[in-house]
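Small disclaimer: the values here were computed from a predicted structure and weren't measured.
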Amino acid sequence: MSQLPTPVLDALTAIVGAEYVVTGAAACRQGSGDCYWYSPVLKPLLENKAADVIVHPGTVDELIAVVALAARERVPLILRGAGTGNYGQGVPMQGGILLNTKRLDRILELTPAAAKVETGILLKTVEQQARAIGAELRFFPSTLLTATAGGFLAGGSGGVGSITWGTLWDPGNVLGATVVTVEAQPQVIQVSDYQALQGVIHNCGLTCVIVDLTLALAPAQPWEQYALAFADIEAALRFAQALAYDEHVPKRLITALEWPLPSYFPLLVRAGASVEGKAQLLLQVVLDPAAMRARAEAAGGAVTWHGPHADYLRRGLWLVDYTWNHTTLWAMKADPTLTYLQDAFDPERLFEQVRLRKARYGAGVLEHVEFMQARGRIVPQGLSVVRHHSKAQLWELIAYCEEIGMRIANPHTHYLDEDSRWNGQPILDAKAAWDPHNLLNPGHLRAQEKMDTP
């Protein structure tokens, strides 16, 4: 039963209709979670947290009315797309109203250069509609099939395609957003300036309510999908690194996986793509099969599976399902003692850092590397799979990685400002301007807690 006063619940029902107001305790618990359970540290902290009510506005006017009500009544407001984030930052810490945006799912404007879309639209829909006119998303998370555009903007960073186009923070990828302030009389603000967008990108729902956003698109490419096998992870990484720097080959995905990670993918094993004892590369590139086979063989590897561009996003295996944080998901399904670390190697020290960490931890850390760009620099981004024993062990591992020059974005905290990627002062400035009563997603910003402490 909701803890909110009956007049507030009645007002929400009047705004969106009874069909779109959820008050049952079990349904609110189910609808309030994200994928925080990837972390054994976050799971006990967040598993019993839930909103008092979930509302599903179907129009922008309804959304604004819900925001105004929350501001007037000083009720916490939590924003939700598909809930596919991994950090617990979308989980209500103090109850309140969870505003699910998935009914706001229209494409407002689509050209080969850009897509202006409502916040709740599925990224898969944007990708499909863009490819129908010869364009495609520049990049997307491995949760393409379920993630929403607004959720990706607020909680994402990069993903498939980042090897070419970088991240949400890189100039030119996010062209604008329409946001609503959390006030009794909400303001609707158009944000297009790059600096102002820093208060919106990866804000984890803490600064404003995103109504719509405009993403730059790229020309659609005839992507070929490949699985390759190599004797060990270093051989796989050398091939991957060379491909990442090859300006003549268009590329969308370069994923390197240490054995036994490839053994955790049943469909790939059955298809012969994952070979016993071999490190694996999963690729989406524009390169014909003969050329790929020649390259792989010259580097001591072999092509074990190929998906032609005619099948791309239409039929057959979708390699994205085994990359980025989907790798972690498959690993945890196979072995519940596994979790992950979000780490970035120094491009100049990649092999040194891999060897140092392997010498210290052995099979306790399994290498999973995604090659991407950030600020114009190619970075081997790690989503290492880690055998978990205790929080102290994870913190010791993080300290060691930093000691040898790696950069860590700790996925075992739900505080945005404990993530090394957060935007810092632009987030704090936007929150002060757009959420003056600190109603958006309270409990996920340590800096705010310090300001609120007498």
Review point. Quick one: do R407 and D346 make a salt bridge, cutoff under 4.0 Å?
Key: no
Check your understanding: Between E396 and R360, is the closest basic N to carboxylate O distance under 4.0 Å?
Key -> yes
Exercise for review: Look at the aromatic rings of W395 and H412 and report parallel, tilted or perpendicular, splitting at 30° and 60°.
Suggested key: tilted
Review point. Going by the angle between their ring planes, with limits at 30° and 60°, are W223 and Y312 parallel, tilted or perpendicular?
Key: tilted
**Study point:** For Y322, the option from W330, Y264, W305 that meets ring-ring contact (aromatic ring centres under 6.0 Å, His included)
**Key:** W330
Review point. Can Q373 and S162 be counted as having a side-chain donor-acceptor contact under 3.5 angstrom?
Key: no
Practice item. Could you tell me whether a side-chain N or O of Q381 sits under 3.5 Å from a main-chain N or O of Q342, the two making a donor and an acceptor? Key: no
Exercise for review: Please determine if E367 and K358 form a salt bridge, counting it only when a charged side-chain N lies under 4.0 Å from a carboxylate O.
Suggested key: no
Practice item. State whether a side-chain donor-acceptor pair under 3.5 Å links T167 with D170. Key: yes
Practice item. Check whether the ring centres of W422 and H202 lie less than 6.0 Å apart, and answer yes or no. Key: no
Practice item. Report, as yes or no, whether the 6.0 Å neighbourhood of atom NZ on K251 holds more than 12 heavy atoms from other residues, nucleotides or ligands. Key: yes
Review point. Checking side-chain contact (heavy atoms from CB on, under 4.5 Å) for the pair H368/L366: CA distance, chi angles, key distance, verdict?
Key: CA-CA 7 Å; H368 165 202; L366 299 174; over 6 Å; no
Check your understanding: With side chains defined as the heavy atoms from C-beta onward, is the minimum distance between E136 and P219 less than 4.5 Å?
Key -> no
Practice item. Count the heavy atoms belonging to other residues, nucleotides or ligands that lie under 6.0 Å from CD of E402, then report whether that count exceeds 12. Key: yes
Review point. Are the charged groups of E234 and R355 less than 4.0 angstrom apart, N to O?
Key: yes
Check your understanding: Between F230 and F239, does the ring centre distance come in under 6.0 Å?
Key -> yes
**Study point:** 4.5 Å side-chain heavy-atom contact, L416 and I427
**Key:** yes
Review point. Is it true that R252 and E127 make a salt bridge, defined as a side-chain N closer than 4.0 Å to a carboxylate O?
Key: yes
Review point. Does Y400 have its ring centroid less than 6.0 Å away from the ring centroid of Y361?
Key: yes
Review point. Mind checking whether L440 and L77 have side chains closer than 4.5 Å, heavy atoms only?
Key: yes
Check your understanding: Is the closest side-chain heavy-atom distance between V386 and L397 below 4.5 Å?
Key -> yes
Check your understanding: Do the ring centers of Y226 and H306 come within less than 6.0 Å of each other?
Key -> yes
Point to revise | Audit row: R357, D343, salt bridge (Lys or Arg N to Asp or Glu O under 4.0 Å) steps and yes/no | key: CA-CA 12 Å; R357 191 161 67 171; D343 43 20; 2.6 Å; yes
